[in-house]
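Start at 1 with the first residue, then count along the sequence. All values below were derived from every heavy atom in this structure, side-chain atoms included, with hydrogens, water molecules and symmetry-related copies excluded.
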Amino acid sequence: MNLNEKMKKYGFNHAIRYLEKNPEENLPKLMNFADRVMPKDEFPSQRVAFREVIEKKNNWYELIMRMYELDAQTRITFFQNFILNENVFGWPEQEKNREKYGCNIPWTILLDPTSACNLHCTGCWAADYGHQLSLSFEDIDSIIEQGKALGVYMYIYTGGEPLVRKKDLIRLCEKHPDCIFLTFTNATLIDEEFCLEMLRVKNFIPAISLEGFEEANDSRRGEGIYSKVMYAMDLLKMHKLPFGISVCYTSRNCEDISSEAFYDKIIEKGALFVWFFHYMPVGKDAAKDLLVSPQQRKAVYENICAFRKTKPIFSMDFQNDAEFVGGCIAGGRRYLHINASGDADPCVFIHYSNTNIHESTLMEVLQSPLFMAYHDGQPFNDNMFKPCPMLENPSILPEIVKKTGAHSTDPQTPESAEELCEKTISYAEDWDNVAEELWNSRNAVRNSK
């Protein structure tokens with residue numbers, strides 16, 4: 001760490017501890033100090049926006065204050081690992097390596113510790129992968145070490161149900177106290193003992209899968225799962241632990257999950273963020289009827305945008321918010337996915353690969369033909385409401401897979417890219433006019449500013 005980095009770290013940690021004394025009183029003072037000492041041309045728009053949050057005490061201010069209801073040491077660790085390590089220090093290192101190596105360098109890496117899951121949710125491909133596959137502790141540790149060398153300090157577990165491997169995941173938190181770890185989980189394995197472990201390591205955050213209220217949730221995830229999720233959320237809140245919600249929106253639950261009542265429920269339960277994922281018809285037995293209609297997708301988008309202005313929770317719609325990240329973020333552009341067999345997929349929803357971490361380094365994965373095809377092809381559409389090479393641009397993925405010699409990584413019932421994208425052709429055609437209307441409207445708003 002050079003002198004400039006040491007000064008940044010010292011200043012950041014001093015600011016965090018200053019806020020700990022009295023966040024409401026000291027936050028505006030800290031902002032005033034930053035305005036005095038920072039050059040006027042450094043982060044000008046971000047500083048204006050942050051000052052507006054402080055002065056108006058709006059929903060974003062309320063979200064900041066909600067952070068101060070958490071366990072203090074867990075909160076400080078989050079600030080240090082996510083804001084300082086992953087973004088202040090990590091992002092510039094990632095940018096430097098993007099230029100140095102001429103390929104995508106991820107902001108985060110998704111890993112499947114196991115293919116095992118204790119549920120069998122309708123429309124989920126994970127159950128099709130069987131229960132025998134897993135990445136060893138050493139596999140995951142190696143990926144993290146390689147990622148940190150590139151500036152990556154955030155790791156996200158998917159599956160399967162990652163908490164089947166909860167002891168190993170806690171060991172990885174201990175070994176890498178400078179990283180932040182997040183897990184997608186059905187929450188049924190969160191108990192008192194595990195909450196105490198999370199408090200001990202301080203760098204592990206659950207993103208709980210929830211499909212709406214009880215009827216919508218349990219119709220897909222199984223009877224009684226909703227009540228188990230509510231219990232897990234109560235445990236996490238009682239222990240002052242940070243957590244969020246992961247929502248897969250479908251034709252059956254889109255009204256539930258984009259309603260004000262749903263937002264109010266998860267906020268009251270203690271969730272600090274909610275991530276929305278569009279249902280993808282992955283797997284030969286995928287329920288195609290769960291794909292949302294154009295009208296449903298538009299309604300979800302409009303509701304999320306509206307609640308962003310009023311509700312104290314961070315929300316992101318990973319299909320409709322592509323404009324904020326410049327299109328598709330897969331293929332290592334912002335993330336990649338490594339499954340329980342070690343296959344490196346470009347996306348958690350696109351299960352094709354030509355490399356495996358048991359045979360290739362992380363850099364070799366990122367420079368492989370499949371990942372370079374993503375690098376060279378992104379964005380896949382200039383309309384940011386059509387970012388995906390499978391869902392909205394179904395002709396692109398089969399071309400990439402064929403050109404790069406990639407193969408299906410589904411070990412049980414592999415499907416070709418042509419078979420997968422055949423299921424989205426009519427969807428893409430139906431969505432096209434609505435996407436154009438939305439994009440033109442967004443451009444008009446931007447141009448009027």
| message | Is the shortest side-chain heavy-atom distance between M372 and D376 below 4.5 Å? | response | yes
| said: For a side-chain contact (heavy atoms from CB on, under 4.5 Å) check, start with the C-alpha distance between Y157 and D112, then their side-chain angles and the critical distance, and finish with the verdict. | reply: CA-CA 6 Å; Y157 298 121; D112 293 355; over 6 Å; no
| query | Between Y249 and D317, do the side chains contain an N or O donor and an N or O acceptor separated by less than 3.5 Å? | reply | yes
| Donor-acceptor contact below 3.5 Å, side chain Q367 vs main chain Y101 | yes
| field | Identified ring-ring contact (aromatic ring centres under 6.0 Å, His included) partner of F204 from the options F181, F194, F78 | value | F194
| Partners passing salt bridge (Lys or Arg N to Asp or Glu O under 4.0 Å) against K96 (at least two apart in sequence or in another chain) | E93
| Hey, does P44 have a side-chain heavy atom less than 4.5 Å from the side chain of R47? | no
| request: Let me see the working for N104 and Q378 under side chain to side chain donor-acceptor pair (under 3.5 Å), right down to the final yes or no. | output: CA-CA 10 Å; N104 285 330; Q378 291 163 322; 3.3 Å; yes
| message | Could you check whether E323 pairs with R442 (Lys NZ or Arg NE/NH1/NH2 to Asp/Glu carboxylate O, under 4.0 Å)? | response | yes
| Can you tell me how far the CG atom of L172 sits from the NZ atom of K167, to the nearest 0.5 Å? | 14.5 Å
| Contact check, side chains of C179 and I144, non-hydrogen atoms, under 4.5 Å | yes
| Are side-chain N/O atoms of T355 and E359 paired as donor and acceptor at under 3.5 Å? | no
| Residue pair Y155, K148: steps toward the side-chain contact (heavy atoms from CB on, under 4.5 Å) verdict | CA-CA 10 Å; Y155 297 85; K148 285 164 67 172; 4.0 Å; yes
| query | Can you tell me how far CG of L370 sits from OG1 of T404, rounded to the nearest 0.5 angstrom? | reply | 4.5 Å
| If you measure from OG on S251 to NZ on K288, what distance do you get to the nearest 0.5 Å? | 12.5 Å
| Within the 6.0 Å centroid threshold, strictly below: Y374 and F380 | yes
| query | Under 3.5 Å, is there a donor-acceptor pair between the side chain of D141 and the main chain of E138? | reply | no
| message | Regarding N393 and N381, do their side chains bring together a donor and an acceptor under 3.5 Å, going by distance alone? | response | yes
| query | Regarding W107 and E86, is there a side-chain donor-to-acceptor distance under 3.5 Å anywhere? | reply | yes
| task | Without swapping roles, check the side chain of S227 against the backbone of G224 for a donor-acceptor pair under 3.5 Å. | result | yes
| For D139 and S136, does a side-chain donor sit closer than 3.5 Å to a side-chain acceptor? | yes
| Quick one: salt bridge (Lys or Arg N to Asp or Glu O under 4.0 Å) partners of E20, sequence neighbours excluded? | R75
| Are the side chain of S360 and the backbone of I357 linked by a donor-acceptor contact shorter than 3.5 Å? | no
| Does any N or O in the side chain of N356 come within less than 3.5 Å of the main-chain N or O of S341, such that one atom is a donor and the other an acceptor? | yes
| message | Within the structure provided, determine whether L336 and L362 are in side-chain contact (heavy-atom separation under 4.5 Å). | response | yes
| Is there side-chain contact between C388 and Q319, with heavy atoms separated by less than 4.5 Å? | yes
| said: Is the ring pair F184/F277 parallel, tilted or perpendicular, if the boundaries are 30 and 60 degrees? | reply: perpendicular
| task | Begin from the C-alpha positions of V247 and V274 and carry the test side-chain contact (heavy atoms from CB on, under 4.5 Å) through to its verdict. | result | CA-CA 7 Å; V247 174; V274 54; 4.0 Å; yes
| message | Check whether Q94 reaches the backbone of I105 with its side chain - one donor and one acceptor, N or O, closer than 3.5 Å. | response | no
| Looking at T74, L196, D71, which hits side chain to side chain contact (heavy atoms under 4.5 Å, CB included) with H239? | L196
| request: Would you mind checking if D234 and K237 are paired as a salt bridge, meaning a charged N to carboxylate O distance below 4.0 Å? | output: no
| said: What I'd like to find out is whether the side chain of H407 reaches to under 4.5 Å of the side chain of P414, using heavy atoms alone. | reply: no
| field | Side-chain donor or acceptor of K228 paired with backbone N/O of L189 under 3.5 Å | value | no
| Hey, does the side chain of R297 reach the backbone of V292 with a donor-acceptor pair shorter than 3.5 angstrom? | no
| Side-chain contact, heavy-atom cut-off 4.5 Å: T158 with L111? | no
| Is any side-chain heavy atom of I245 less than 4.5 Å from a side-chain heavy atom of F273? | no
| said: If you take the centroid of each ring, where Trp contributes its six-membered ring, are H278 and F318 closer together than 6.0 Å? | reply: no
| query | Are the side chain of T77 and the backbone of N203 linked by a donor-acceptor contact shorter than 3.5 Å? | reply | no
| field | Ring-face cation contact, Y263 with K311, 6.0 Å cut, 45° max | value | no
| request: Measure the OG-CG distance between S408 and D343 for me, rounded to the nearest 0.5 Å. | output: 9.0 Å
| Atom CZ of R308 and atom CG of N303: how far apart are they, to the nearest 0.5 Å? | 11.5 Å
| said: Are Y153 and F82 an aromatic pair, judged by ring center distance below 6.0 Å? | reply: no
| query | With no hydrogens and no angle check, is any side-chain donor or acceptor of N217 less than 3.5 Å from a backbone partner on F213? | reply | no
| query | If you count the non-hydrogen atoms of other residues, nucleotides and ligands that lie under 6.0 Å from CD in E223, is the total more than 12? | reply | no
| message | Take a 6.0 Å sphere around OH of Y231 and say whether it holds more than 12 heavy atoms from other residues, nucleotides or ligands. | response | no
| said: Does K269 have more than 12 heavy atoms from other residues, nucleotides or ligands lying within 6.0 Å of its NZ? | reply: yes
| message | Between R200 and E174, does the side-chain contact (heavy atoms from CB on, under 4.5 Å) criterion hold? Intermediate values first, please. | response | CA-CA 9 Å; R200 182 174 65 82; E174 292 174 318; 2.6 Å; yes
| query | Does R98 make a cation-pi contact with W91 (under 6.0 Å, within 45 degrees of the axis)? | reply | yes
| Side chains of N13 and Q80: is there a donor and an acceptor less than 3.5 Å apart? | yes
| field | Spacing of S115 atom OG and E161 atom CD [to the nearest 0.5 Å] | value | 12.0 Å
| Within 45° of the ring axis of F137 and under 6.0 Å from its six-membered ring centre, is that where the NZ or CZ of R171 lies? | yes
| remark: Per side chain to side chain contact (heavy atoms under 4.5 Å, CB included), I350 is matched among V282, T409, L397, D345 by L397
